[in-house]
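I have placed the structure first, in the form of structure tokens, so that the comments after it can refer back to it.
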Amino acid sequence: MTLGRFSFELHAIDSGSAARAGTFHTPHGPVEMPAFMPVGTQGTVKGLTVESLGASGAQMILANTYHLALRPGEEVVRDLGGLHAFCGWNGPILTDSGGFQLFSLAHNTSITEDKAIFRSHVDGRAFELSPERAVAIQEALGSDVAMVLDHVVALPNDEAAIRDATERTIRWARRCRDAQTRGDQALFAIVQGGLDGPLRVECARRLAEMDFPGYAIGGLSVGEEPADMYRILDCTVPAMPEARPRYLMGVGRPQDMLEAIRRGIDLFDCVLPTRNGRNALAFTDAGPVRLRNLQYERDPRPLEEGCPCAGCRHSRGYLRHLFMVGEMLGPVLVSLHNLTYYQRLLGQARRAICEGKFSELADEKLRGWGVFAS
RNA sequence: GGGGGGUUUCCCGAGCGGUCAAAGGGGUCAGACUGUAAAUCUGAUGGCUUAGCCUUCACAGGUUCGAAUCCUGUACCCCCCA
């Protein structure tokens, strides 16, 4: 499929699952999918330079509309040359719309049909975010991919509330599309519907009718059981256009990504590798390593044998020491390791899909992590 | 030599007759973290055969139904006077 300066080529579909490999082309370069986007909410992936971010293997990163509109303000970013120049990342950037903050900052947010009104978490001032405003901000920021403003609700929730938020998400998606003025920014729609399978399918189909250049699944991994998330993917993904990138927002743990790729998801973002990295948890093929644990005090091994990241030039004992004494290099190196681990995992997934051996890879990884396939 | 103040559980530090195994920090140990209000948060932290029992508040003795808390002596530390 080709859409202006964007296109999505499918290279392969796994023989034993719905997993697929492809390339998403953007004005700032290609993204090999399945892909993982590090989260750089405020225009920075916490603790990392763009050089080390590139070294981790990342191709596309995520930034946030709400946070950047609050500080420094989208006009400032625009006047400094747009998001790419502003943060120094010349690869593709996707901006989240602020919809997630309707959920995470719900306690100081009110929503009407027209717009959401936030009380700024920074200084308490009112901040309005309508679908039109979300698009305008993202156009000022100049990301490659903008997300529609969606209405995310906490789970579990009552049926009427979920239905209401889902319907609003569909109406807002249309308003976002109608508000677009730039031709060099792709707008992705977001499927909502809580844990209601038929509602998810209906939402996906109605959004598909509007023909967006990409589709996301939102409102998952917000506290529900993993099995519920997989169940929703099972029914929702087949209802999403095959010729467009399919993005599972906010996910996730390594096992969640493999389970989602198995079901046909192409794109992910998650704070876990960076947040957990800052909190001394490293991802490895043998499962998580909680570096503060006493057992690593004299461990001479790197986090992962053969990992090319800068953190793996050091022993676990040294990394533990950095955390125990509060040195900032600890969070930096383990964030870098985790992102590198995620990128390598996705790279292995892409190769396995092209070879028709994704299930074998997934089984092997899940076994290493000590979790069962779902 | 004389006068005054102090010694609390790994550390700092509250407590000043019972509700004290002893506040609060720190440290340590363990856990959590999924479109980032997170380099954050939570729990544990004398021992045990754990609804209870035992051993702790410099050391020894004493007063009291009952002492980390009061008294006497000893040791060490700090301040002032000579």
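Convention: sequence-line order gives letters A, B, ...; per-chain numbering from 1.
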Just how far, in rounded Å, is [atom2] of [N] from [atom1] of [X]?
X	N	atom1	atom2	value
A/L155	B/rU34	CG	P	14 Å
A/M257	B/rG35	CE	P	12 Å
A/L336	B/rA39	CG	P	18 Å
A/H121	B/rA37	NE2	P	7 Å
A/M37	B/rU34	CE	P	17 Å
A/L272	B/rA38	CG	C1'	12 Å
A/N338	B/rA39	CG	P	15 Å
A/L281	B/rU34	CG	P	12 Å

Strand contacts (RNA chain B) in [range], 4.0 angstrom heavy-atom criterion:
range	result
residues 141-154 of chain A	A/D150, A/V152
residues 287-301 of chain A	A/R290, A/R292, A/N293, A/L294
residues 26-33 of chain A	none

I want to check one thing: is the phosphate of [N], taken as OP1 and OP2, less than 4.0 Å away from some side-chain N or O of [X]?
X	N	answer
A/N279	B/rA32	no
A/R71	B/rA37	no
A/S221	B/rU34	no
A/R275	B/rU40	no
A/S104	B/rA37	yes

What is the base-pairing partner of [N], counting Watson-Crick and G-U wobble geometry with both distances under 3.5 Å?
N	result
B/rG17	none
B/rU40	B/rA32
B/rU7	B/rA75
B/rG1	B/rC81
B/rA68	none
B/rU56	none

Write down the distance separating the [atom1] atoms in [N] and [M], rounded off to the nearest Å.
N	M	atom1	value
B/rA22	B/rU74	C1'	26 Å
B/rU45	B/rA21	P	15 Å
B/rU9	B/rC78	C1'	24 Å
B/rC80	B/rG66	C1'	39 Å
B/rG3	B/rC53	P	46 Å
B/rC33	B/rU19	C1'	39 Å
B/rA60	B/rC10	C1'	26 Å
B/rC57	B/rA68	P	7 Å

Do [Y] and [X] meet the salt-bridge criterion of a basic N to acidic O distance under 4.0 Å?
X	Y	value
A/R253	A/D256	yes
A/R231	A/D234	no
A/R316	A/E304	no

For this session: Answer yes or no for this row: A/H67 ring on B/rA37 base, centroids under 5.5 Å, planes under 30°.
Result: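 Base of B/rA37: not stacked against A/H67.
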Look at the side chain of [X] and the backbone N and O of [Y], then say whether any donor-acceptor pair between them is shorter than 3.5 Å.
X	Y	value
A/N338	A/P273	yes
A/R20	A/E242	yes
A/Q59	A/E32	yes
A/D228	A/E224	no
A/D14	A/F358	yes
A/T169	A/H151	yes
A/R78	A/G142	no
A/Q185	A/Q138	yes

Regarding [X], tell me which of base, sugar-phosphate or nothing describes its non-hydrogen contacts under 4.0 Å with the strands shown.
X	value
A/N276	base
A/L220	nothing
A/Q101	sugar-phosphate
A/Q192	base
A/G219	base

For this session: Using the ring-ring contact (aromatic ring centres under 6.0 Å, His included) rule, collect all pairs that involve residues 155-211 of chain A, keeping only residues at least two apart or in two chains.
Result: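 ring-ring contact (aromatic ring centres under 6.0 Å, His included) check on residues 155-211 of chain A returns A/F24-A/F188.
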Could you list, one pair per line, each protein nitrogen or oxygen that sits under 3.5 Å from a nitrogen or oxygen of nucleotides 24-27 of chain B, together with the distance?
none

Exercise. Would you call A/R351 and A/K357 a side-chain contact if the rule is heavy atoms closer than 4.5 Å?
Worked result: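 With C-beta onward as the side chain, the pair stays apart.
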Exercise. Less than 4.5 Å apart, any side-chain heavy atom of A/P254 and any of A/L258?
Worked result: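 A side-chain contact under 4.5 Å is absent here.
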Problem set entry | Quiz item: A/T274 side-chain donor-acceptor pair to B/rU36 base, under 3.5 Å |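 When only heavy-atom distances are counted, A/T274 does reach the base of B/rU36 through a donor-acceptor pair under 3.5 Å.
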For this session: Using only heavy-atom distances, decide whether a donor-acceptor pair under 3.5 angstrom links the side-chain of A/D96 to the base of B/rG35.
Result: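 Answer is yes: a donor-acceptor pair is held.
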Problem set entry | A/S143 and its side chain to side chain donor-acceptor pair (under 3.5 Å) partner, picked from A/T65, A/D96, A/T95 |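 That would be A/T95; it is the only one of A/T65, A/D96, A/T95 passing the side chain to side chain donor-acceptor pair (under 3.5 Å) with A/S143.
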For this session: Among A/H25, A/R5, A/H28, find the residue that satisfies the side chain to side chain donor-acceptor pair (under 3.5 Å) test when tested with A/D144.
Result: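 Considering A/H25, A/R5, A/H28, a side chain to side chain donor-acceptor pair (under 3.5 Å) with A/D144 is found only for A/H28.
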Problem set entry | Exercise: identify the closest heavy-atom pair between A/D150 and A/S97 |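 Taking every non-hydrogen atom into account, OD1-OG, 3.9 Å.
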Exercise. Hey, which of these two, A/Q42 or A/Y247, hits RNA chain B nearer its 5' end, going by closest nucleotide?
Worked result: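 Nearest-nucleotide comparison on RNA chain B picks A/Y247.
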Problem set entry | side chain to side chain donor-acceptor pair (under 3.5 Å) involving A/T340 - partner list, sequence neighbours excluded |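 A/T340 satisfies side chain to side chain donor-acceptor pair (under 3.5 Å) with no residue once adjacent residues are dropped.
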Problem set entry | Residue A/N64, side-chain heavy atoms: nucleotide from B/rA37, B/rU36, B/rU34 that is nearest |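 From the listed options, B/rU36 comes nearest.
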